[in-house]
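As structure tokens, the structure follows; a few thoughts come after it.
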Amino acid sequence: MRTVRLTAETQKDILGTLLKRSPNNYTEYETIVADIIKSVREQGDGAVFEYTRKFDKWEINAENIRVTEAEIDEAFAAMDKRFVEVMKHSAANIEDFHRRQLRNSWIDTRPDGSILGQRILPIAISGVYVPGGKAAYPSSLLMNVIPAKVAGVSKIIMTTPAGADGRVNPGTLAAARIAGVDEIYKVGGAQAIAAMTFGTQSIPKVDKITGPGNIFVALAKKACFGYVSIDSIAGPSEILVIADETANPRYVAADLLSQAEHDELASAILITTDERVAEAVNREIEHFLPTLSREEIIRKSLDNYGFILLADSMTDAVAAANAIASEHVEILTQDPYNVMTKIQNAGAIFLGEYSSEPLGDYYAGPNHILPTNGTARFFSPLSVDDFVKKTSIISYSEESLHKAHRDIELFAEKEGLTAHANSIRVRFQE
């Protein structure tokens with residue numbers, strides 16, 4: 001990893017480099033995605049089947065598009081029993097954490113007869129996209145589905161691409177049953193997003209789509225936003241580690257590599273106040289790399305988007321971390337809790353040397369669907385709130401409206417909306 005001194009100029013350069021990974025920069029694919037969406041919207045199943053045959057190379061039809069209970073039973077039978085138990089334990093942790101996010105509807109009744117409140121209801125149907133092939137991640141499925149179930153969503157539709165044999169990854173199917181998915185369809189890519197957005201003869205229309213995917217999936221979600229709600233336009237994975245002289249370089253190196261292996265666009269950044277730690281981390285990275293199965297991907301990731309930044313002070317380190325607003329922020333310092341209070345922008349924060357990032361990916365319970373590409377400045381992790389809708393409740397008595405009617409009429413008239421003013425005024429005219 002390249003080591004550079006942290007300055008205003010180097011920070012600006014790094015931010016510019018990281019932003020190049022945003023899905024917003026892949027506009028050359030937007031026309032392809034728009035054509036797929038248009039075809040699915042107009043032709044329904046016919047277009048979905050055509051694109052699936054073209055891209056996934058298997059003969060899909062109305063009879064085999066949906067995963068059967070027998071296929072899920074078969075997947076469970078083929079699974080490592082220990083892994084199934086681990087997934088169930090992880091699911092329980094995720095459910096427990098997200099139940100703590102639930103909020104209740106409320107009503108406030110005042111002495112003058114006015115009533116104000118908020119009604120909170122789950123969305124009716126949620127759709128989740130799950131990548132297939134080598135990018136099959138059961139953990140991501142659990143993170144997307146369980147908050148929706150906790151929120152009370154009555155029906156959850158899942159789409160995921162099948163292999164050339166028409167079969168879905170067994171781990172994906174097992175996780176889907178554990179999480180509580182209601183219907184699973186063997187469709188991937190932009191065509192799956194379009195199918196869930198507009199509905200086809202086989203795939204129901206949903207109210208919200210969540211879940212990761214390749215650039216075509218990301219751009220399709222972006223294009224369909226407004227017809228449906230989405231979680232976010234996810235960018236490549238990223239980790240930022242803040243370390244002082246007390247940090248264990250071996251742990252830091254291992255944690256940086258844990259994100260760099262996702263893909264060649266993943267970002268791994270260390271900000272440290274100690275030059276010896278920086279040097280030791282680089283040595284440990286070179287020690288680990290030959291032992292890792294995705295060494296080639298990791299090396300390209302680190303070459304393009306890996307940085308070790310030497311900061312003059314912890315204050316400078318924190319300021320840089322807030323500017324980068326990383327998806328994952330690990331704090332490996334003498335007093336990580338104190339440093340944590342100064343972090344304003346992060347998807348998830350991991351404190352101390354025994355809280356490495358994969359703990360959040362798989363097991364602890366907080367959601368690992370996190371804001372990327374600096375969007376932690378204004379976005380939050382996926383949560384129960386993403387699967388509910390809030391409706392305001394307003395009820396005024398004659399007495400309470402009488403107290404306010406002249407103020408409301410004045411406000412409306414100042415905005416030039418005389419019909420608004422009249423709607424209030426007529427109630428107090430003889």
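Everything numeric here is computed off the predicted structure, so don't read it as measured data. Values below: all heavy atoms of this structure, side chains included; hydrogens, waters and symmetry mates excluded.
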Return yes when atom [atom1] of [X] has more than 12 non-hydrogen atoms of other residues, nucleotides or ligands closer than 6.0 Å, and no otherwise.
X      : atom1 : value
Phe288 : CZ    : yes
Tyr305 : OH    : yes
Gln334 : CD    : no
Glu286 : CD    : yes
Phe378 : CZ    : yes
Lys390 : NZ    : yes
Glu296 : CD    : no

Residue pair [X] / [Y], side-chain heavy-atom distance below 4.5 Å:
X      : Y      : result
Leu121 : Arg119 : yes
His89  : Tyr363 : yes
Ile203 : Val187 : yes
Ile184 : Thr160 : yes
Asn214 : Pro131 : no
Pro147 : Phe97  : no
Asp312 : Arg5   : yes
Met314 : Thr333 : yes

Lys/Arg-Asp/Glu bridge criterion (N-O < 4.0 Å) met for [X], [Y]:
X      : Y      : result
Lys155 : Glu183 : yes
Arg53  : Glu59  : yes
Glu69  : Arg177 : yes
Arg99  : Glu95  : yes
Asp303 : Arg299 : no
Glu295 : Lys300 : no
Asp385 : Arg103 : yes
Asp231 : Lys221 : yes
Asp274 : Arg276 : yes

Rounded distance [0.5 Å steps], [atom1] in [X] versus [atom2] in [Y]:
X      : Y      : atom1 : atom2 : result
Arg66  : Met158 : CZ    : CE    : 12.0 Å
Ile369 : Ser383 : CD1   : OG    : 12.0 Å
Asp182 : Ile156 : CG    : CD1   : 6.0 Å
Leu219 : Tyr29  : CG    : OH    : 9.5 Å
Ile125 : Ile123 : CD1   : CD1   : 9.0 Å

[X] versus [Y], closest heavy-atom pair with distance:
X      : Y      : answer
Arg2   : Gly306 : NE-O, 3.3 Å
Ser105 : Ile120 : OG-N, 2.8 Å
Asp361 : His262 : OD2-NE2, 4.5 Å
Asp255 : Ser356 : OD1-CB, 3.4 Å
Ile157 : Pro204 : CD1-CG, 3.9 Å
Ala243 : Val252 : CB-CG2, 4.5 Å

When you measure from the side chain of [X] to the backbone of [Y], do you find a donor-acceptor pair of N or O atoms at a distance under 3.5 Å?
X      : Y      : result
Ser395 : Ile115 : no
Asn144 : Gly211 : yes
Ser237 : Ala266 : no
Thr68  : Glu71  : yes
Thr372 : Gly235 : yes
Thr197 : Ile193 : yes
Asn373 : Leu18  : yes
Asn322 : Lys342 : yes
Ser90  : Val86  : no
Ser301 : Ile297 : no

Side chain to side chain donor-acceptor pair (under 3.5 Å) between Gln259 and Glu357, intermediate numbers included:
CA-CA 8 Å; Gln259 292 307 290; Glu357 189 279 335; 2.5 Å; yes
Do the rings of Phe350 and His328 sit parallel, tilted or perpendicular, given the 30° and 60° boundaries?
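Ring orientation, 0 to 90° scale: tilted.
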Show, in sequence, the C-alpha distance, side-chain angles and deciding distance for Val241 and Ile269, and conclude whether the side chain to side chain contact (heavy atoms under 4.5 Å, CB included) test is met.
CA-CA 6 Å; Val241 179; Ile269 297 174; over 6 Å; no
What do the steps show when you test Lys38 against Arg41 for side chain to side chain contact (heavy atoms under 4.5 Å, CB included), and what is the final call?
CA-CA 5 Å; Lys38 183 175 184 291; Arg41 186 176 187 182; 5.8 Å; no
Let me see the working for Tyr51 and Ser39 under side chain to side chain donor-acceptor pair (under 3.5 Å), right down to the final yes or no.
CA-CA 10 Å; Tyr51 286 120; Ser39 295; 3.3 Å; yes
Check step by step if side chain to side chain contact (heavy atoms under 4.5 Å, CB included) holds for Gln43 and Val48.
CA-CA 8 Å; Gln43 301 170 31; Val48 170; over 6 Å; no
Given Val4 and Asp13, is the side chain to side chain contact (heavy atoms under 4.5 Å, CB included) satisfied, shown in steps?
CA-CA 11 Å; Val4 298; Asp13 290 344; over 6 Å; no
Check Asp244, Ile242, Asp316 against Thr273 for a side chain to side chain contact (heavy atoms under 4.5 Å, CB included) and give me the one that passes.
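The single option meeting the side chain to side chain contact (heavy atoms under 4.5 Å, CB included) with Thr273 is Asp244.
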For Leu256, the option from Leu240, Ile298, Leu270, Ile308 that meets side chain to side chain contact (heavy atoms under 4.5 Å, CB included)
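Going through Leu240, Ile298, Leu270, Ile308 one by one, the side chain to side chain contact (heavy atoms under 4.5 Å, CB included) with Leu256 is satisfied by Leu270 alone.
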Using salt bridge (Lys or Arg N to Asp or Glu O under 4.0 Å), reason through Glu85 and Lys81 one step at a time and then give a plain yes or no.
CA-CA 6 Å; Glu85 290 306 309; Lys81 299 301 182 288; over 6 Å; no
